[in-house]
Each structure stands twice: as structure tokens, then as C-alpha cells.
Chemist: 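Attaching a single structure in C-alpha cells format; questions to follow.
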Amino acid sequence: MMTAQIGDSPDHAQTMSGSYVRPRVLVVSAIGALAMLGLVPGAQAAPMDVTFTVVNQRGINQFSYIKLAGSFGFANQTDGNGQFSASVASCGGSLGPCISPGDHVSFSRDEVQTGVCAAPEDPAGGLNYVVTSSPSQTVTLPNTTGDSNHSSLTNTESWIVGRLNQDRAAHSPPLAPLHVSSTLTQAAYAIAHDRALAAGHPYPPPYCFVNLSDWGWPAPGFLHEDSPYAAPEATLAHWDGSAGDAESLNLASHGVFNPANTAVGVADGGGTWIIEYNDCSYIAPAFVSRCGMTGDTGNPNAYTPPLPGAGTTGGGNTGVSTTGGQAGAGSGVTTLSIGGGSVSLGGSSSASAITATSSAVAVTLSCTGASGKTCAGQVSVFVRERTRGGNVLAMLTRSRGSKTRAVKVLVGLATYTIAAGQIKTVTVSLNGLGRSLLKRFHRLKVAVNVSVSTKSGLSQVASRTVTIKAALTRNRHKRH
């Protein structure tokens, strides 16, 4: 079982209390009504054979914990299909539970947790259900999310899964590929879509402890991650660690590079993304079908990220950002920033927009827009290390050999703010790791990524590759 949430108040809450009312045509006495249920004053109703099936309001069977009458806790649970049975033959002692008509039984999908992630039935201590005399009874719990008809991947979602599996294959040791789960995909879409509709895209999402069981996952536990970026390229970088920041590396460690994860569901809810990881290998064979496992491992070629300057709108280059690119020209892509200006790589001069010194990278950026507008963002510098057993062997663009892997490492980062109408050169010095690698290998081929702050997060607007060469040193021999 996995229980975790990683990333960035319920938008609604429902509580239900079940009660049994037996419709009658004839008017009967209170004593007679109790007698019909076997609850004559002074007598305990006899135990019965009974099977409960727990479902949500959509009719999807729900794994659930159960608190029986007279119990102090949720000591019982349904099977992977949301069912729980008791029989007279096994009643009493340690053989099995005793359930009688009129008993009050509580159902909770997460053992009555608290907080924004708790199940909607929890505020009242779980759903209180009064047992009837029927041998088969259905207990209905509230839904936790809106609807979802999204059980297969779009091209961009398939691209992300395919790229994540490429990362797993390059891991040392290699990790088995993640397989798409239609159950996790439906849940991911419902959560992402609900977040996209809510003000501020809240995280964690409401009822997150039980959102997977809400869509049919046959066991408790969850591990989901969100992305604050609308663009699939930025979302992938956020999840696989290649963004280089602490949060991204943490998400990658728990998510894509966690060998316990075997199932995945990814969804773009329309401006906000959710990925769900889980493992179906420990699920009992009778309930494996509810995992919705498929043979799909994604397609890294299903989508081609736009290159800097690619695409045209009105004869000009368009921005990568989905918040609305602005027409541009020259060697840089122009993207509208949250400051109202639009940033371009390079200036009016013919000098190269990106140059390298012996210990830094200089990037020339220009900002256009109305007076008072600004452009803001960051410039990041990466290298790829070829490693074996934690030791750096070389600086490469891809791994070679079954015992080595290529790891993308941040070696420099700088932020910028430019007033509209201005040109600024941003200098990114190598960090300690970068200086150490340069000292060892004497030259580093680095990727320089220029990003701009937009309403959906950082959006990459340009990427270039340059080589940093260590300064030459002269050996001076002292004469004696």
C-alpha cells in the first residue's frame, strides 16, 4: 500500500447518514414493527447471513473500512470489490463477525481521517448504516470528484508517459516500464479537471485519500503529483527532475524513479496536470481487473515539442507558452510574460545572443511592450553526466552501455527582470558542481535554457548549446 502526496479546502462536502425505513400500507404498533425486525424489547436480534456491497453514487464499487456495532474502531474491511460478508455459522469467537438486523455499522474509505484529503463521509465518523433483514445490502457513499470519461491518453499525455519510461530505462539499474492504468487515468483526469475549474487550482485536491477508490482502484493508498505548468514540456521537466530545482528532484525520486511504482495515469484537466502512480502487482488476482492495467507504456514520439522559433501565427514566430504567444522575429521566440512585456533572445546588435567565458554563460535578452511593462524569468544551465555506480565518467548527451546512465544536472541559474524597451545581458556563473566538473574535464558542453514567467508558470522560450572552456594556465618553472 502506498500513501503519499507531493506537489502544490474541499470545494464541496457531502455527508450522508443511512437509515432503514420499511414502507408499510397497514398501520402497526411500535412493538409490532420492532418484532418484524427481531428487535422485541429485551431481546437481541438473531445474527444473520449478510453481504454488503459498498458503492459510490456512480455505482462504482468502493474499497472501504468497516466499524461493526459494539466495535471501537474500523477493524474490518471490504475485499477489493467492495464486498464484505458475515454468516451465522462463523458468528462468535474468533471465527467471524456477528451482524444482526438493526445493527448500526459505519463505513469509511479511509478510517475517518481528517483535513482536506479526508473522505466526504468522514465528518460524521463515517457513514452510519442501519442493517436491514435483507441478505444482500448495498451501501452508497458519496462521490469525491466530478465525472470523467477519460480512460485513454491524448498525444501529449502519451508523450509524457513515454518520456518517463525512457528515463526509467536509462536509470541505473534500469527500471521496468510504467504501464498505463485506465482506472488511474480516469481518476487523474477527474482530479485535474476539478482543480482547473476551482479558483487558484488548490493542492492537495479535496478528498485525495480516496479519489483513486472513487474510480475503482481496489485498495487503499495513493501517490499523486501535480504540475503548476500548462505546457507539457514544463510538466515533464517538473516530474522527471530535469527542471533541476529541489521540488522537481523530490517528485522524480518518489515518482518516476521509484521502483515500487508500476502503474501510471496522467491527465491534463485543461490547464492543470495530475499524475497518479501505484502498483497492482500485490492486488489479489480476483480483483486485478479493477486496476485497469493496459499494455500501453506511452509513446515518446506522439508529440513533438515546438523548437525555439517554430510555428507561425500572422507571419511571426509563436511562443511556447499556452497563455498566448506574441509575434516575434529573429533568432528568439517571443512570449508574453506576467509583467505584460514580451522577451526575445538577442538584441538589435549582430553579436551572438549567448556566449561562454571560462566560468560563465552570458545571455542577451530584450523586452518589448508598452511603457511600464516588464519581462521576468530565469536562465538555467545544464550538463549531462555519464555515471556508473554514482561516479561521473564523462560529460555526454546520452548514456552508453547497460551499466551507465545520463543524468541531467543543473550547474548554473540566474533570474532576470527587464523593463520594456530595454536590453539586458544576464550572466550565469557556474555553481560549485559546475566549477568542479570544469576543473576535472576542462570543457563543458552545456544547454542554456531561457524561460519567462507566465500565468501558468515558467515557460521555456529558447534553448541553445554552448561550450565552456577552462582558462589556460601556464606552468612557471623557477630557475635556481
Side-chain angles (χ1 to χ4, degrees), residues 14-113 119-143 210 213-214 216-220 283-287 289-290:
Q14 288 180 291
T15 58
M16 298 178 61
S17 59
S19 61
Y20 175 67
V21 180
R22 187 169 182 172
R24 301 289 293 170
V25 175
L26 300 177
V27 177
V28 297
S29 68
I31 296 295
L34 291 174
M36 293 177 184
L37 292 175
L39 296 177
V40 178
Q44 174 66 41
M48 61 184 289
D49 293 341
V50 62
T51 295
F52 297 111
T53 300
V54 184
V55 301
N56 64 12
Q57 292 165 325
R58 298 185 184 91
I60 298 176
N61 292 32
Q62 303 284 284
F63 173 89
S64 184
Y65 296 96
I66 303 172
K67 179 182 178 182
L68 298 177
S71 173
F72 292 101
F74 287 80
N76 294 278
Q77 62 188 45
T78 67
D79 61 20
N81 202 39
Q83 293 186 323
F84 176 78
S85 297
S87 68
V88 175
S90 61
C91 174
S94 59
L95 296 178
C98 298
I99 297 178
S100 304
D103 281 355
H104 286 252
V105 179
S106 296
F107 295 84
S108 170
R109 285 168 285 189
D110 61 2
E111 299 179 281
V112 192
Q113 299 293 323
E121 63 265 20
D122 285 351
L127 183 141
N128 179 37
Y129 179 82
V130 180
V131 180
T132 73
S133 59
S134 172
S136 298
Q137 303 181 40
T138 299
V139 179
T140 303
L141 299 176
N143 300 333
V210 292
S213 57
D214 190 62
W217 192 260
I283 301 296
F287 315 116
S289 62
R290 302 195 69 222

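Values below: every heavy atom of this structure, side chains too, minus hydrogens, waters and symmetry copies. All residue numbers refer to positions in the sequence shown, counting from 1.
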Chemist: Can you list the residues that meet the side-chain contact (heavy atoms from CB on, under 4.5 Å) rule with S136, with sequence neighbours excluded?
Modeler: none

Chemist: Which atom names give the shortest non-hydrogen contact between P142 and N56, and what distance separates them?
Modeler: O-CB, 4.3 Å

Chemist: If you define the side chain from C-beta out and look only at heavy atoms, does anything of Q137 sit under 4.5 Å from T51?
Modeler: no

Chemist: Please name the pair of heavy atoms, one in S213 and one in R109, separated by the smallest distance, quoted to 0.1 Å.
Modeler: OG-CD, 4.0 Å

Chemist: Could you pull out all donor-acceptor pairs under 3.5 Å where a side-chain atom in residues 71-78 meets a protein atom, sequence neighbours excluded?
Modeler:
unit_1	atom_1	unit_2	atom_2	d
S71	OG	G73	N	3.3
S71	OG	G73	O	2.9
T78	OG1	S64	N	3.0

Chemist: Assess whether side chain to side chain donor-acceptor pair (under 3.5 Å) is satisfied between D49 and S87, documenting all intermediate values.
Modeler: CA-CA 4 Å; D49 293 341; S87 68; 4.6 Å; no

Chemist: Indicate the atoms forming the closest heavy-atom contact of G80 with R290, along with that distance.
Modeler: O-NH1, 2.6 Å

Chemist: Can you tell me which residue pairs pass the salt bridge (charged side-chain N to carboxylate O under 4.0 Å, His left out) test with a partner in residues 75-92, sequence neighbours excluded?
Modeler: none

Chemist: Of all the heavy-atom pairs spanning P123 and P120, show the shortest one and how long it is.
Modeler: CD-O, 3.2 Å

Chemist: For Q83, check side-chain hydrogen bond (donor to acceptor under 3.5 Å, both in side chains) against everything at least two apart and list the hits.
Modeler: T53

Chemist: Q57 and N143: which non-hydrogen atoms are nearest, and at how many Å?
Modeler: N-OD1, 3.0 Å

Chemist: From S106 OG over to N128 CG, what is the distance, rounded to the nearest 0.5 angstrom?
Modeler: 5.0 Å

Chemist: So, do V50 and P135 sit near enough that their side-chain heavy atoms are less than 4.5 Å apart?
Modeler: no

Chemist: Give, for atom CG of L141 and atom CD of E121, the distance between the pair rounded to the nearest 0.5 Å.
Modeler: 4.5 Å

Chemist: Between G126 and V112, what is the shortest heavy-atom contact and its length?
Modeler: N-CG2, 4.0 Å

Chemist: Using the salt bridge (charged side-chain N to carboxylate O under 4.0 Å, His left out) rule, collect all pairs that involve residues 50-64, keeping only residues at least two apart or in two chains.
Modeler: R58-D147, R58-D214

Chemist: Taking the six-membered ring for Trp, are the ring centroids of F63 and F287 within less than 6.0 Å of each other?
Modeler: no

Chemist: With F84, which residues qualify under ring-ring contact (aromatic ring centres under 6.0 Å, His included), at least two apart?
Modeler: none

Chemist: Would you say the side chain of F52 lies within less than 4.5 Å of the side chain of T138, judging by non-hydrogen atoms?
Modeler: no

Chemist: Report yes or no: does N61 contribute a side-chain atom to a donor-acceptor pair with the main-chain N or O of V55 at less than 3.5 Å?
Modeler: no

Chemist: In the structure I gave you, are the side-chain heavy atoms of P101 and M48 within less than 4.5 Å of one another anywhere?
Modeler: yes

Chemist: For the side chain of D103 and the backbone of V131, is there at least one donor-acceptor N/O pair under 3.5 Å apart?
Modeler: no

